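To find a chain, count down the sequence lines: A is the first, B the second, and so on, and within it residues start at 1. Everything quoted here is computed from the prediction, not taken from an experiment. Just so you know, these numbers use all the heavy atoms, side chains as well, and skip hydrogens, waters and symmetry mates.
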There are 2 protein chains.
Amino acid sequence: MKTIPFIDTSLEKTFQVYEAKFKALADQKRLHIMYLLCQHGSTCVCDLAEMVGMPQSKLSYHLKILLDVNLITKATKGTWSYYELNQDEVNHVLSSELCCLFRPSC
Amino acid sequence: MKTIPFIDTSLEKTFQVYEAKFKALADQKRLHIMYLLCQHGSTCVCDLAEMVGMPQSKLSYHLKILLDVNLITKATKGTWSYYELNQDEVNHVLSSELCCLFRPSC
DNA sequence: ACTTAATATCAAATTTAATTGATATATAAT
DNA sequence: ATTATATATCAATTAAATTTGATATTAAGT
């Protein structure tokens with residue numbers, strides 16, 4: 001019989017959530033992708049692949065990682081998938097100083 | 001003969017720096033360590049090891065990762081090493097909302 | 001219907017990071 | 001000097017993330 005450590009459990013959940021988000025951010029290629037999405041707005045995979053010079057399957061892999069933690073969003077039109085930076089989520093996680101990296105205006 | 005892509009190079013460096021910082025943040029155990037350092041202020045390794053329930057060598061490994069990217073600082077006194085959260089660096093990287101996780105007052 | 005184009009997914013190979021237990025180093029206490 | 005304590009580092013293992021090339025899926029154009 002043990003007591004339920006409520007606060008610790010909820011902290012643990014919080015740490016889990018942020019671990020996933022930071023993992024997604026912890027990669028140069030993905031930071032570059034986010035930067036490009038920020039600069040160009042909604043962009044389809046094939047255009048993005050050209051911009052980053054990355055094979056399509058590899059790019060899809062990295063986009064999925066960013067999508068799964070809600071740092072980017074996806075909209076499908078026909079066979080095209082358009083990805084976009086989730087500015088709200090970026091603002092929620094990063095300092096305004098850092099967010100600046102992911103703002104078209106800066 | 002090729003032109004030097006100055007802007008891209010400096011962007012690449014920026015991404016490298018943040019990759020390393022986010023990598024350090026991308027781990028539940030390390031987030032927990034940072035949280036404890038925030039709550040308790042300057043703490044020596046043996047006390048911290050007890051708090052996180054982690055073998056000493058493992059803890060030292062994780063502390064080094066945080067230290068290397070300047071998210072924590074270290075001060076040695078005799079055989080003891082005292083680690084402390086680098087509040088400035090945390091503020092520089094994370095949103096104020098998130099920083100709150102690493103503020104004693106919140 | 002058939003072909004082409006865009007994207008996602010998969011399995012295998014590779015690379016990178018984390019864990020473990022042992023050992024080294026350095027200070028402090030006796 | 002010897003012993004005990006705190007911490008860091010190392011080599012070996014294990015685990016996780018990334019890359020690659022191939023294939024599947026789905027919509028569009030002819």
Side-chain angles (χ1 to χ4, degrees), chain A residues 12 15-37 40-85, chain B residues 12 15-37 40-85:
Chain A
E12 207 180 310
F15 292 149
Q16 268 168 23
V17 169
Y18 286 112
E19 174 183 84
K21 289 199 202 284
F22 290 132
K23 257 183 191 148
L25 289 164
D27 185 289
Q28 278 183 251
K29 295 168 240 71
R30 293 194 287 267
L31 292 174
H32 189 199
I33 289 167
M34 287 175 66
Y35 177 80
L36 288 170
L37 289 178
H40 295 84
S42 182
T43 310
C44 74
V45 178
C46 56
D47 290 350
L48 202 52
E50 197 158 313
M51 292 182 205
V52 293
M54 205 182 264
Q56 177 270 317
S57 73
K58 190 171 168 179
L59 178 56
S60 281
Y61 168 78
H62 287 294
L63 286 170
K64 185 163 181 359
I65 286 171
L66 291 170
L67 185 65
D68 284 349
V69 297
N70 199 32
L71 283 165
I72 60 176
T73 58
K74 173 185 175 177
T76 302
K77 280 200 174 175
T79 37
W80 282 265
S81 291
Y82 290 90
Y83 286 89
E84 197 162 1
L85 194 67
Chain B
E12 206 180 311
F15 292 149
Q16 268 169 21
V17 168
Y18 286 112
E19 175 183 83
K21 289 200 201 283
F22 289 131
K23 258 186 191 144
L25 289 164
D27 184 289
Q28 277 183 254
K29 294 165 240 74
R30 292 194 287 266
L31 292 174
H32 189 200
I33 290 167
M34 287 175 66
Y35 177 81
L36 288 170
L37 289 179
H40 295 84
S42 182
T43 311
C44 74
V45 177
C46 58
D47 290 349
L48 201 52
E50 196 159 312
M51 293 183 206
V52 292
M54 205 181 265
Q56 178 270 316
S57 73
K58 190 173 170 179
L59 178 56
S60 281
Y61 168 79
H62 288 294
L63 286 170
K64 184 162 180 1
I65 287 170
L66 291 170
L67 185 65
D68 284 349
V69 298
N70 199 33
L71 283 164
I72 61 176
T73 57
K74 172 184 177 177
T76 303
K77 281 201 174 170
T79 38
W80 283 264
S81 291
Y82 291 90
Y83 286 89
E84 196 162 2
L85 194 66

B/F15 and A/H32 aromatic ring geometry - parallel, tilted or perpendicular at 30°/60° bounds: tilted

Least distance between heavy atoms, B/L36 atom then B/V52 atom: CD1-CG1, 3.3 Å

No-H, no-angle donor-acceptor pair, B/Q56 side chain to D/dA6 base, under 3.5 Å: no

N/O donor-acceptor pair under 3.5 Å between B/R30 side chain and A/E19 backbone: no

Heavy atoms from other residues, nucleotides or ligands near CD of B/E50 exceed 12 (cutoff 6.0 Å): no

Integer-rounded Å distance: C/dT15 P and A/D27 CG: 16 Å

Interatomic distance, B/K77 NZ vs C/dA28 P [rounded to whole Å]: 12 Å

Atom-pair distance (CH2 on B/W80; P on D/dT5), nearest Å: 10 Å

Spacing between B/Y61 atom OH and D/dT9 atom C1', to the nearest angstrom: 13 Å

A/K23 side-chain N/O to D/dA17 phosphate OP1/OP2 under 4.0 Å: yes

Phosphate OP1/OP2 of D/dT19 contacted by A/H62 side-chain N/O (<4.0 Å): yes

Under 4.0 angstrom between B/K58 side-chain N/O and C/dG21 OP1 or OP2: no

Presence of B/K29 side-chain N/O under 4.0 Å of C/dT19 phosphate oxygens OP1/OP2: yes

A/E19 CD to D/dA15 P, straight-line distance once rounded to whole Å: 17 Å

Among C/dA6, D/dT18, D/dT7, the nucleotide that comes nearest once only the side chain of A/T79 is considered: C/dA6

Separation of atom CG in A/L59 from atom C1' in D/dT18, rounded to whole Å: 14 Å

Whether A/T43 side chain and A/G41 backbone form a donor-acceptor pair below 3.5 Å: yes

Atom-pair distance (CG on B/D68; P on C/dA17), nearest Å: 12 Å

Touch class at under 4.0 angstrom, heavy-atom based, for A/Y83 against every strand present: sugar-phosphate

Sugar-phosphate, base or nothing in reach of A/S60, heavy atoms under 4.0 Å: base

First of A/G78 and A/I65 reached from the 5' end of DNA chain D, by closest nucleotide: A/I65

Value in whole Å for how far the P atom of C/dT9 lies from CG of A/L63: 11 Å

A/S57 side-chain N/O to C/dT9 phosphate OP1/OP2 under 4.0 Å: no

